[in-house]
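See below for the structure under consideration.
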Amino acid sequence: MLRPPRRLPRPPLRRSAATGPGRRLLLSTPIFYANGPPHIGHLYSALLADALHRHRRLRAAGPGRLSTGTDEHGLKIQQAAAAAGTSPAELCQRVSGLFRRALAQAAVSFTDFTRTSEPRHQRAVRRFWGALRDAGALYKGAYEGWYCTAEECFVPESQLGERPDARGRRCRVALESGHQVHWTKEENYMFRLSAFRDPLWKWLRDNPRAVAPEPFYQRVLRWLEEDLPDLSVSRERSRLQWGIPVPGDSTQTIYVWVDALVNYLSAVGYPETHGEWWPAAHHVIGKDILKFHAVYWPALLMAAGLAPPERIFVHSHWTVRGQKMSKSLGNVVNPAACVGRYTVDGFRYFLLRQGVPERDCDYYDEKVVKVLNSELADALGGLLNRCTAPSINPSNTYPRFSESCFPKETEATGRASAEDYELVASVASLPLQVAGYFEGFQIYKALECIALCVRQTNGFFQRHRPWKLDQKDPGEQLWLDTVVHVTLECLRVYGTLLQPVIPHAADRLLSRLAVEPEERGLSSLTFLPRYDGKPCPFEGRQLGPDTGVLFPRLEQSGQHQAEAEEL
Ligand code: MSP
């Protein structure tokens, strides 16, 4: 293969001016292949990004955007359209609409939706290509190898295996995905990826948080220890018409992955206004597309004179009853049906509470019912019901806190027990803990801590049996008010912290506690100021109207109930 003289890599990785407090941040979901309808795996990627975006907004951390969209070019789409007897453009129009609606229905608060077939995106891709070409990062060469259409990439010999196809004939497959590969020989433009091994290595070494969680960071480092061949970045137009033509060479189509990755730049106005945002970008992606994002994308950016994204957050996959989701198995879980059955907030809570980015997670309906009933309906909803019940709180107000009942000094003579002091300490440290977990892409751990505190608060309420206290006795009434005040304060903290995950239920909870919209931010969140001798703005306030149960209990679907109880 003929290669041009080495002029790469070049160093000018301009940092964005948008750094420091109040800085801008672009959060992104991957853009979804428009060859089939959305499933819960897609939704999970989007919900993780949405929760981070909402959390950041509540911290008033500076202007933010959440980009998403559909990946509409390539052989995969071309073939899916042919199989469906429609044109690629019509298929994409329809499927893109499905994704847009599914995301909106699940309350994903995206600010930008890019379709790669849009002229504005195509222009950005052509300009990006131009930048690569001008930098000497591209050359033309004859390329042959095993091509996997399902993954839209060439697969090295070392990562291939064999299995029988539908007719029992032996065929080659990509080991990681199991998809069939075909021998492909053609003249392509090549990207000098091999020249970026050292710069990529340095970028990762200097930015140990660039790829998280840690096992994925290590995986990328291992890839860089292996052979890093140049990357074929175009396809012959005769084979692939559904894509963006290479500028100045109409016989070639730009590789769909280069086209797709540039969506992160076209969303922020590349090549004109992207500097206001780039490289303050955090990408949320699934583990199957890690190499594209953590090796190819940073190298392409460096070649085009831009810095790599700040962070890449990687998650694992959802299986269904222990099996990979697939059309042929007929076990694809449809997000619209789940949202219908479990409510938007319920389903969001389940996926974010049970999804652990480091490892694959298994989905089944009985588990959803069990988690939602125990944590949202019983623990959180039950707690709100109990402390706002007319028999306990007839004036329907945020009652007074009494320092004499709950003195700061534990040895003083109050009515609070050691466990009550533990509760106060746990809830006081919760906002920081939750912020740390969001920052570290461990939203499931943030939710686990909140669930634990909710359970502790139920214990507190139960322990003091406020319904047994004599409301005619002023001393008893003081203690009753204090118990309810502490419980409401805990609920206020949980409602505030849960907004990024269950926005509607959190809104209802906070409205019931008479927390005004401007009092719901995370930066000004306080807990039990009266305990620290400071005034509490809520004390004495009339509570908001009772709008019914916070989260309805769900019915377990009979035959699997026993199974769920064993969990
Ligand atoms: N179009 C590419 C992404 C291009 S981004 C520049 C793509 N699309 S996809 O529709 O196949 O996948 C979109 C996201 O859904 C990816 O993050 C992928 O990991 C995620 N999921 C697809 N199946 C999944 C599960 N079963 N479980 C969890 N997420 C999975 O890849």
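Just follow the structure's listing: the first ligand is 1, and inside any ligand the first atom is 1. In what follows, every heavy atom counts, from backbone to side chain, and hydrogens, waters and symmetry copies are set aside.
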Step by step, work out the side-chain contact (heavy atoms from CB on, under 4.5 Å) result for E358 and Q442.
CA-CA 9 Å; E358 287 91 329; Q442 291 176 306; 4.0 Å; yes
Out of W257, F196, Y296, which residue meets the ring-ring contact (aromatic ring centres under 6.0 Å, His included) rule with F191?
F196
Given 3.5 Å as the limit, does a donor-acceptor pair link the side chain of T184 with the main chain of H182, or not?
yes
Any idea which heavy atoms bring M325 and W318 closest together, and the distance?
CE-O, 3.9 Å
Y270 and W278 aromatic centres sub-6.0 Å:
no
Just list the N/O pairs, ligand 1 to protein, that are under 3.5 Å apart, with the distance for each.
{"from": "ligand 1", "atom 1": "1 (N)", "to": "I31", "atom 2": "O", "distance (Å)": "2.8"}
{"from": "ligand 1", "atom 1": "1 (N)", "to": "D71", "atom 2": "OD2", "distance (Å)": "2.7"}
{"from": "ligand 1", "atom 1": "10 (O)", "to": "Y33", "atom 2": "N", "distance (Å)": "3.1"}
{"from": "ligand 1", "atom 1": "10 (O)", "to": "H42", "atom 2": "NE2", "distance (Å)": "3.3"}
{"from": "ligand 1", "atom 1": "17 (O)", "to": "S45", "atom 2": "OG", "distance (Å)": "3.0"}
{"from": "ligand 1", "atom 1": "17 (O)", "to": "G286", "atom 2": "N", "distance (Å)": "2.9"}
{"from": "ligand 1", "atom 1": "19 (O)", "to": "D288", "atom 2": "OD1", "distance (Å)": "2.5"}
{"from": "ligand 1", "atom 1": "19 (O)", "to": "H317", "atom 2": "NE2", "distance (Å)": "3.4"}
{"from": "ligand 1", "atom 1": "26 (N)", "to": "W318", "atom 2": "O", "distance (Å)": "3.2"}
{"from": "ligand 1", "atom 1": "27 (N)", "to": "W318", "atom 2": "N", "distance (Å)": "2.9"}
{"from": "ligand 1", "atom 1": "29 (N)", "to": "G41", "atom 2": "O", "distance (Å)": "3.3"}

May I ask you to decide if the ring planes of H315 and H317 are parallel, tilted or perpendicular, using 30° and 60° as cut-offs?
tilted
